[in-house]
Amino acid sequence: MLTAIQKWQKALSEEIKARFGLELPPDEIPFTFPPKPELGDAATPVCFSLARKLKRPPQVLAQELAQTTLDGVRESRCAGGYLNLFVDRGWAIESLLGGRFVPKGWRGKTIIEHTNINPNKAAHVGHLRNAVLGDTLARCLRYLGREVEVQNYIDDTGVQVADVVVGFERILGFGPEQLEALLCIYERFATKDSQAQGPMDRLQEWLQRGGLSSPDGVFAITEALRPILADPEKSNLAYGWLVSSKGRFDSFCWELYAKVAHWYAEDDSRLKARHETLRDIEGNVEPTSTIAARVAEEMVRCHLRTMERLHVRYDVLPHESDILKSGFWQACFDKLKAAGAVHRVPDESGDKNRGCWVMALSEADGFEGLSDADKVIVRSSGTVTYIGKDMAYQLWKFGLLGRDFKYRLFPNPLYRVWRSSSTVAGADPPSFGHGESVINVIDVRQSYLQRIVREGLKLMGYKAQAEASVHFSYEMVALSRKTALELEQRKEITLCEEDRTKPFVEMSGRKGLGVQADVLLDLLEERAQEEVSGREPELPKEEADSRARLLAASALRYYMAKYDKNQVVAFDFDQALAFEGETGPYLQYACVRAENILRKAAEMGIAMPEMSGSEAVAKALGLMEPEGWGVLALFLRLPNIVQQATSSLDLHLVARHLYQAAQAFHAYYHAFPVIQEPDPQKREARLLTVLLFARLLRSSLQELLGIEVPERM
RNA sequence: GCGCCCGUAGCUCAGGUGGAUAGAGCAUCUGCCUUCUAAGCAGAGGGCCGGGGGUUCGAGUCCCUCCGGGCGCACCA
């Protein structure tokens, strides 16, 4: 289905051909929007370029083109060479309210892969940008009528998980029982803060508050942890993290993971532990493989919970371990070999890649000037690299592998989500994969690898799928210098000399450098809570909490969505914690204000206007002030904005546009009182403006940006 | 060395395929709450759009070049 502008472009293209004998494709007819609403609802400067080709003044051409009949346009005027269009308001409102965009011309689904946090530590603010962009893209595509499947890839076999397992086994001396005991504490105890007294007292208290007052439960846990508690060094470490993690297992692992990196750095020979652990995980050697699986699963649960706070959900969680166990890599490897896309570097050669299977990139477009033209796919040890697994995964996403996972439900208390499995199949999973196009949301640092995956597909003969493989590349989130120095002062992070001189500090899970997503969300909710209770002290706590959550989520989502994707976000606490100015709450507030007027009007017994169809509506629309109409007209452009945003992956366009709409409404709100307006007809027109605005903004925020609006704030 | 990205107000950023007077937010200053919630509005100051060349009716936007900064180019993911 064509949007209004596309229809106009088509009609104008035909008119230009008929009138001037000039072929001008519809999408080459530019559309802009007049700076003032009085000038019209839309405009095209096309006559400027026509003027050159036809050697006639643009004003004259615009006069002629103004004769064109355009769908929904009641008047075309020319002004200084521009062709300005005034739409029929009734038509515009009808199409806004009724016209969901019918999915024509789009068959097949789009697979979006996003989030992809290594399941070995808590999510940090960088991961939030990924998730927000991925989720916003999914929402925008669904708004346009596309079928979307959201996948969150879980790398549960890599070095990162291995490292945290090393931490549990070798630094803390944990086995499966101790891990279970720890998880049990986390499961029962989910409150945020505590001030430690004596370690054992505290543990007992936590256990009791967590509903583990049954002596057996406490006994079981303390029994399991006894060997750890007997060792002061281990028990101090674990206890410290237990406290600082504020009830979150992923936060515990965040500390543990950073500790492991430090532990390696102290003594190189300790890296042996990493390799042994990695080997045991892959070889299903107990207890290591159980610990790894348990840690990864629990971590994914933590991440799902974190993302749920931002209203981000997933359809399926493909696990890397299942890619290996289900023979995906083998099938992919066979295809690569059959196509001659990879070759083995002989053992006896002097090449540094001897014994490896490599993909030659020297012939490929866009890989010129590499220091090494060969990319290792299979290591000399016979194990496959990340890039190989990723190629197999990409093939599966397109349904090209000839294999599928089994699926079972992931143990998630929040909503139904499936995960891959190599062995156990749950009841009636939907069909996953078989995408027509695939969008991988990964930060810019992985561009090179994403290009290799595409190149691999091409070499295997899947040219169309290589074309349909999109890397949604965005810049990283770093800590602003100000924020980094603040955090260092509070002893939450440690910076090296080099970091201190840089304009911003790159985050690093390994170095424990970053701001945890949940910590930021907690801060946001706290601040929101203060604001809410400052305004309505009488509000029941539950209601206040729920409002604070919506405010915090919207502040964060808008903060992550408003920047151009190529812009490094220098994360700054002051900016991220703001609720004023260009922020999520500002958008919500516009909606709440509009709804307040409606509520008040209803309380006063003023009838709500019809929104479409009747004579009265047409009349009210005609009586709207240009400013009021200007607010609503912004929503007319929304479908085009969303379309452009999704095709260029510039999602900030959507965020900024809705901000602009909110801004326009706030100004209107102050200038045009509704309830106090004595003239009933004017009042009717204003009420209709407010009603339509409230409807449109609320649904747009929710559908496109994943921002929910509270009833009041 | 090669490749990609960024440089616009004191700070953080917008400025779709070149078009109407370069805009927002924060910060600073001045007004506006007995009038639909001030998480707001109105206004002021603040700009050689990194520098220099070009392309044309028209360049913040396109091309070349230089300068400054970031990120990639692993048998890590």
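Each chain gets a letter, A, B and so on, in the order the sequences are listed, and its residues count up from 1.
Checking B:G69, B:A20, B:A14 against the side-chain heavy atoms of A:Pro503 singles out B:G69 as nearest. Distance from the side chain of A:Met476 is smallest for B:C71 among the nucleotides B:C36, B:C71, B:C75. Which of B:G70, B:U37, B:A77 sits closest to the side chain of A:Val592 comes down to B:U37. Checking B:G15, B:A74, B:G70 against every side-chain atom of A:Lys375, the shortest atom distance belongs to B:A74. Closest contact between the side chain of A:Tyr448 and the listed nucleotides B:A77, B:U17, B:C73 involves B:C73.
Residue contacts for A:Asp155: at a heavy-atom cut-off of 4.0 Å it reaches the sugar-phosphate backbone alone, with no base atom in range. Base contact: A:Ser380 has a heavy atom under 4.0 Å from a base atom. Using a 4.0 Å heavy-atom cutoff across all strands shown, A:Tyr659 reaches sugar-phosphate atoms only and no base atom. A:Arg712 comes within 4.0 angstrom of a base, heavy atoms only. Contacts of A:Lys502 with the nucleic acid, taken as non-hydrogen atoms under 4.0 Å apart, involve only primed sugar atoms and P, OP1 or OP2. Contact annotation for A:Arg354: base contact, defined as any heavy-atom pair under 4.0 Å involving a base atom. In this structure, A:Val378 reaches neither bases nor backbone, as no heavy-atom distance under 4.0 Å exists between it and the strands shown. In this structure, A:Tyr559 reaches neither bases nor backbone, as no heavy-atom distance under 4.0 Å exists between it and the strands shown. Within the 4.0 angstrom heavy-atom criterion, base atoms lie near A:Leu449. Nucleic acid contact class of A:Glu506 (heavy atoms, under 4.0 Å, all strands): sugar-phosphate only. Looking at heavy-atom distances under 4.0 Å, A:Ala590 makes no contact with the nucleic acid at all. Among the heavy atoms of the strands lying under 4.0 Å from A:Asn84 is at least one base atom, whether or not backbone atoms are also near.
In this structure, the CD atom of A:Gln6 is 19 Å from the P atom of B:G16, given to the nearest Å. For the pair A:Lys121 NZ and B:A77 P, the interatomic distance rounds to 14 Å; values are reported in whole Å. With rounding to whole Å, A:Ile5 atom CD1 is found 11 Å from B:G16 atom C1'. Protein atom NZ of A:Lys482 is 10 Å distant from nucleotide atom C1' of B:C26, rounded to whole Å. Nucleotide B:A77 holds its P atom 19 Å from the CG atom of A:Asn130, rounded to whole Å. A:Arg451 places its CZ atom 16 Å from the P atom of B:C2, with the value rounded to the nearest Å. Following rounding to the nearest Å, A:Leu539 (CG) and B:U37 (P) show an atom-to-atom distance of 16 Å. What separates NZ of A:Lys389 from C1' of B:C75 is a distance of 12 Å, to the nearest Å.
With respect to A:Glu475 and A:Arg129, no salt bridge is recorded, no charged nitrogen being found less than 4.0 Å from a carboxylate O. Ion pairing between a basic and an acidic side chain is recognised when a charged N comes within 4.0 Å of a carboxylate O; A:Glu595 and A:Arg712 show no such pairing. Salt bridge present: A:Glu543 and A:Arg547 bring a charged side-chain N and a carboxylate O closer than 4.0 Å. A salt bridge between A:Arg599 and A:Glu603 is absent, with no side-chain N of the basic residue lying under 4.0 Å from a carboxylate O of the acidic one.
At least one side-chain heavy atom of A:Met299 sits under 4.5 Å from a side-chain heavy atom of A:His303. The closest side-chain heavy-atom distance from A:Arg686 to A:Tyr668 is below 4.5 Å. Annotation: side chain of A:Leu551 is in contact with side chain of A:Met713 (closest heavy-atom distance under 4.5 Å). Side-chain contact between A:Leu587 and A:Tyr659: present, with at least one pair of heavy atoms (C-beta onward) separated by less than 4.5 Å.
Applying the ring pair (Phe, Tyr, Trp, His ring centres under 6.0 Å) rule to pairs touching residues 343-364 of chain A yields A:Phe333-A:Trp357, sequence neighbours excluded.
On the C1' atoms, B:G58 is 15 Å away from B:G54, given to the nearest whole Å. Comparing the same atom, C1', in B:C57 and in B:A39 gives a spacing of 47 Å after rounding to whole Å. Spacing between B:G50 and B:C67 at atom C1', rounded to whole Å, works out to 7 Å. Between the C1' atoms of B:A14 and B:A77, the separation comes to 34 Å (whole Å). Distance noted for atom P between B:A74 and B:G3: 16 Å (whole Å). Going from the C1' atom of B:C64 to that of B:A27 covers 39 Å, rounded to whole Å.
A syn orientation is assigned to B:G16, its glycosidic angle lying within 90° of 0. Using a 90° window around 0 for the glycosidic torsion, B:C33 falls inside it and is classed as syn.
Consecutive Watson-Crick or G-U pairing (both distances under 3.5 Å) extending over three or more pairs maps onto RNA chain B as B:1-7 with B:67-73, B:10-13 with B:23-26, B:28-32 with B:40-44, B:50-54 with B:62-66.
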Would you list the protein and nucleotides 5-12 of chain B atom pairs, both N or O, that sit under 3.5 Å from each other?
residue, atom, partner, partner atom, Å
B:C5, O2', A:Asn566, O, 3.2
B:U12, O4', A:Gln575, NE2, 3.4
B:U12, O2', A:Tyr563, OH, 3.4
B:U12, O2', A:Gln575, OE1, 3.2

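No side-chain donor-acceptor contact under 3.5 Å links A:Asp572 to the backbone of A:Ser480. Of the possible donor and acceptor atoms, one in the side chain of A:Ser13 sits under 3.5 Å from a partner among the backbone N and O of A:Leu24.
Nearer the 5' end of RNA chain B, as judged by each residue's closest nucleotide, is the contact made by A:Phe33, out of A:Gln676 and A:Phe33. Residue-to-nucleotide proximity on RNA chain B shows that, of A:Lys600 and A:Lys565, the 5′-proximal contact is made by A:Lys565.
For A:Arg549, the side-chain hydrogen bond (donor to acceptor under 3.5 Å, both in side chains) criterion is met by no residue, not counting sequence neighbours. With sequence neighbours left out, A:Thr115 forms a side-chain hydrogen bond (donor to acceptor under 3.5 Å, both in side chains) with A:Tyr314.
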Under 4.0 Å protein heavy-atom contacts per nucleotide of nucleotides 38-43 of chain B, with B for base, S for backbone only and - for none: SBBSS-
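One finds a side-chain N or O of A:Asn353 lying less than 4.0 angstrom from the OP1 or OP2 phosphate oxygen of B:C75. Note on A:Asn596: a side-chain N or O is less than 4.0 Å away from OP1 or OP2 of B:U37.
Residue A:Arg510 qualifies as open at atom CZ: its count of foreign heavy atoms under 6.0 Å is 12 or below.
For the pair A:Arg637 and A:Phe33, the cation sits on the ring face: its NZ or CZ lies under 6.0 Å from the ring centre, inside 45° of the axis.
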